[in-house]
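To keep things clear, I will list the structure first and then write my remarks on it.
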Amino acid sequence: MDDPLFDQLTDAQREAVAHVDGPLLILAGPGSGKTRVVTHRIAHLLQLGTPATRILALTFTNKAAQEMKSRVELLAPGKPVWMSTFHRFCARMLREYASLVGLDPNFTIYDASDSHNALKHTIEDMEFDPGHFSLQQIAGGISWAKNNLIRPAEYEPRPGSVLGAIVHRVYPKYEAKLLQSSAVDFDDLLLHVAALLKDNPEVRGMLDARYRYIMVDEYQDTNLAQYAIVRALSIDVPNLAVTGDPDQSIYGWRGASLRNILEFEHDYPDVHVVRLEQNYRSTKRILRVADYLIAHNRRRKEKTLFTENDEGQPVRLRIYPTQQHEAEGIATRIASEILAGRRRPRDFAIFYRVNALSRAIETSLASHGIPYQMVRGVEFFQRKEIKDVIGYLTLLANPRDDEAFLRIINTPVRGIGRSTLERLRAYAATKRKPLLEAARESGLVADLPKKAAVSVARFVALYDRLSLLAAEPVEEILGHVLAESSYQETLERSDSEDDQERLANIEELLTAAREFDERTPGEGHLEEFLEDVCLVNETDTWDAVSDRVTLMTLHASKGLEFPVVFIAAMEEGLIPHERSREKPDQLEEERRLLFVGITRAEEELELSQASYREFRGQRKMTVPSQFLMQLPPEEIEKSQANWGPGVVRHYDEPVPDESHHQGEAWEEPEWREPSPVSAPAAAAPTAAPLAVRLTTAAELAGDAASASPDIFHQGMVVRHPEYGLGKIIALGGSQGQRKATVAFATAGQRTFVLNKSPLKPVK
DNA sequence: CGTAATGAAATTTTT
DNA sequence: TTTCATTACG
């Protein structure tokens, strides 16, 4: 084979890429060039003349899909291969076949918190008392059922299970509520598609034929619903290629089933299996540590990881007195490496089991002036202000969406309180109408005070005004929403810092909308925007480019790699997490989680443990993680750090005379005041990477001279020579076509093309 | 109706 | 300790 596509591949990789027809299982260890294989295989299929539209590649994250897209683009430019996440693929299928499962094509996708609210409202409507079970437990039960392809009517509670009995009662009502609102939760996206394929053989057959080659990444993380979907699409044309690593399955708690990959050979008997065991990422020592650890798992496929990389440094294990010492130790190490010019901030990553552990580390990094970015749990699109504003758009797109209605009906406050809503809900329930419809008829609602009815009517009028804009670019709709609901004004009037931050976040959302508009010209893309918004997550926008230390949970680290990795808090109860200790399966998953963390490291790995840790305000003595005992002792360089408080010291220095700090010295660690740092490279860390990337840098560089339209923003007060003072209520269009709608005090609303208008900002 | 105060709960979270 | 959700007041 002298095809350039195969040039840079190893034999094993080549074997996988060259495989064309029939099922293929690629067992790919960490750092084994899996993405390379998948992308090259796609390119190869294209080269053989397969139309791009006949290839489907499914991933779990947008980031992975994006990565794949850009790499295929390099190998085979301009080919529209469908590469997306499972959920996005399903969303698209459902838009096409919505009516077959009882949805409108403009259905809403509920994220976790939306569906939580929907469940809460369902239970309220039922006047059902779930006893001591929490909403989350019930939600978990429903989610479990959905992941296992059990529809409401088919749900059979385990005999004697109280929770099961509750789920049995609630699940059908919850599902009915979603359908009534024409909404789906994340699990539904998969479940509905699986059901669609099962119940409609002709549709299934057509799609099976349409997607001639299907590839699934991270197959070890598929659940039964995903399995069923993939399976249904590869019956007549069984050209299914899956890649995965059983040892990296860390989402069992989300319904992923290791069975799918372990039994793949059973499900597809004539499967071709390729093992990618050579690692190109880590040093020999790191790899041996990972391999030794994971060998303790029983439920797996044996594999032999090897690398031709250097031996590398020993893996370090540091034991600190307290978490503050631990954090300080890590920060000091990083600082000295950077100051010595050996590394840059972006070379480092710090992983931990739970988000709550990040705080101490952040504090220390900040005090050393080390720039960092945290991939954090609270996502941009989950913030209240974002969800509020999105709520308006959602209701515009789907007037049947009761959850969206409830979210925005009194945000900002318009005097529509609990009792009013109670009556609206009762009315809507008896008339079997969406809440918005009920609101429209507020005059007919029994016992509704006139004042309340007027408030409701005003809201409906607002809604109707906004809905006239539904086909406009998203940025413009958003602008009108912000202005006419007085959401923005309410925040601006507030002087709390939180609210100022909210305004900034809304500004980011506007930017995201603008970028979306530029990306998708034409009319009526509201649903697509909303889909983007809810199927995107912050990890996707983790910025590999910026020069910062990365902080994240072990889960979030999957798929990434860093020259130097720290894994903090190697303690019983954290890793393995206490909630995982009951079942052996869960313990194995925790072990895999650590395996994933370890195998992210390219050159250096440092594990650490604190002897005492403050947890929920309690200082407790810790027990070393059992996993530490499952590492090869000869590969580990263990050291105990025993010095007193406040001493910032490089680790390679010998431990100093500890006499006067012995014993309780660490009880009250003293803190150096976080000192502002002199070096410009070490600017104070910005709080959070926002989910939305700003393009302003490029734009400013481009045409800074022409007092660009970018100086105008949402809500700004402007002056017009003729009409006087006005406020920008919406912006739209891009570049030279940038337009603003301005509400003037005397002259009403007018729209201008900014480049040609005499508008000037005031202030 | 809206805000302040109290109390219970607290992993991980591809979408 | 912190965060939320519900409850009690003004």
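Chain naming here is simple, since letters A, B, ... match the order of the sequence lines and numbering starts at 1 in each. Computed from a prediction, not measured in an experiment: that's the story for all the values here. Keep in mind that the numbers below use all heavy atoms, side chains included, and drop hydrogens, waters and symmetry copies.
Here A:Lys120 pairs with nothing under the salt bridge (Lys or Arg N to Asp or Glu O under 4.0 Å) rule; sequence neighbours left out. Partners of A:Gln626 by side chain to side chain contact (heavy atoms under 4.5 Å, CB included), not counting sequence neighbours, listed by chain and number: A:Glu572, A:Pro576, A:Arg581, A:Leu587, A:Gln630. A:Arg414 is linked by a side chain to side chain contact (heavy atoms under 4.5 Å, CB included) to A:Tyr392, A:Asn410, A:Pro412, A:Ile416, A:Phe459, A:Leu462, A:Ser485, counting only residues two or more places apart in sequence or in another chain. Remark: A:Lys34 pairs with A:Asp217, A:Glu218 by the salt bridge (Lys or Arg N to Asp or Glu O under 4.0 Å) rule, at least two apart or across chains. For A:Glu422, the side chain to side chain contact (heavy atoms under 4.5 Å, CB included) test picks out no residue, with sequence neighbours left out. Not counting sequence neighbours, the partners of A:Lys69 by the side chain to side chain contact (heavy atoms under 4.5 Å, CB included) test are A:Gln66, A:Met83. In this view, A:Glu590 and A:Arg353 satisfy the salt bridge (Lys or Arg N to Asp or Glu O under 4.0 Å) rule, not counting sequence neighbours.
When the side-chain nitrogen and oxygen atoms of A:Asn62 are compared with OP1 and OP2 of B:dT14, none of them lie within a distance under 4.0 Å. A sub-4.0 Å separation between OP1 or OP2 of B:dT11 and a side-chain N or O of A:Asn355 is absent.
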Check: protein-nucleotides 1-5 of chain B nitrogen or oxygen pairs below 3.5 Å:
| unit_1 | atom_1 | unit_2 | atom_2 | d |
| --- | --- | --- | --- | --- |
| B:dC1 | OP1 | A:Gly417 | N | 3.0 |
| B:dC1 | OP1 | A:Thr420 | OG1 | 2.7 |
| B:dC1 | OP2 | A:Arg418 | N | 3.3 |
| B:dC1 | OP2 | A:Ser419 | N | 3.1 |
| B:dC1 | OP2 | A:Ser419 | OG | 2.7 |
| B:dG2 | OP1 | A:Gly415 | N | 3.0 |
| B:dG2 | OP2 | A:Asn410 | ND2 | 3.3 |

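The outermost nucleotides of DNA chain C lying under 4.0 Å from heavy atoms of chain A, listed 5' to 3', are C:dT1 to C:dT6.
Contacts between residues 132-140 of chain A and DNA chain B, defined by a heavy-atom separation under 4.0 Å, are absent.
Counting only residues at least two apart or on different chains, the salt bridge (Lys or Arg N to Asp or Glu O under 4.0 Å) pairs with a member in residues 221-230 of chain A are A:Asp221-A:Lys558. Sorted by first and then second residue, the side chain to side chain donor-acceptor pair (under 3.5 Å) pairs with a member in residues 183-193 of chain A read A:Ser143-A:Asp187, A:Lys146-A:Asp185, A:Lys146-A:Asp188, A:Asn147-A:Asp187, A:Tyr174-A:Asp185; sequence neighbours excluded.
Across the P atoms, C:dC4 and B:dT13 are found 15 Å apart, a figure rounded to whole Å.
Closest to the A:Thr553 side chain, of the nucleotides B:dT14, B:dT13, B:dT11, is B:dT13. Listed candidates were B:dT13, B:dT11, B:dT14. Nearest to the side chain of A:Val354 is B:dT11. Across B:dT14, B:dT13, B:dT11, the shortest atom-to-atom separation from the side chain of A:Ser580 is found for B:dT11.
Taking atom CE of A:Met374 as the reference point, atom P of B:dT13 lies 10 Å away to the nearest angstrom. The interatomic distance linking A:Asp111 (CG) with B:dT15 (P) rounds to 12 Å, in whole Å. To the nearest angstrom, P of B:dT11 lies 16 Å from CZ of A:Arg254. For the pair A:Phe186 CZ and B:dT14 P, the computed distance is 9 Å after rounding to whole Å.
In this structure the side chain of A:His296 reaches within 4.5 angstrom of the side chain of A:Arg591, judged on heavy atoms.
Residue A:Gln136 places its CD atom among 12 or fewer non-hydrogen atoms of other residues, nucleotides or ligands, all under 6.0 Å distant.
B:dT12 has its base stacked against the ring of A:Trp253, the centroids being under 5.5 angstrom apart at an interplanar angle below 30°. Applying the 5.5 angstrom centroid cut-off and the 30 degree plane-angle cut-off, the aromatic ring of A:His87 is not stacked upon the base of B:dT15.
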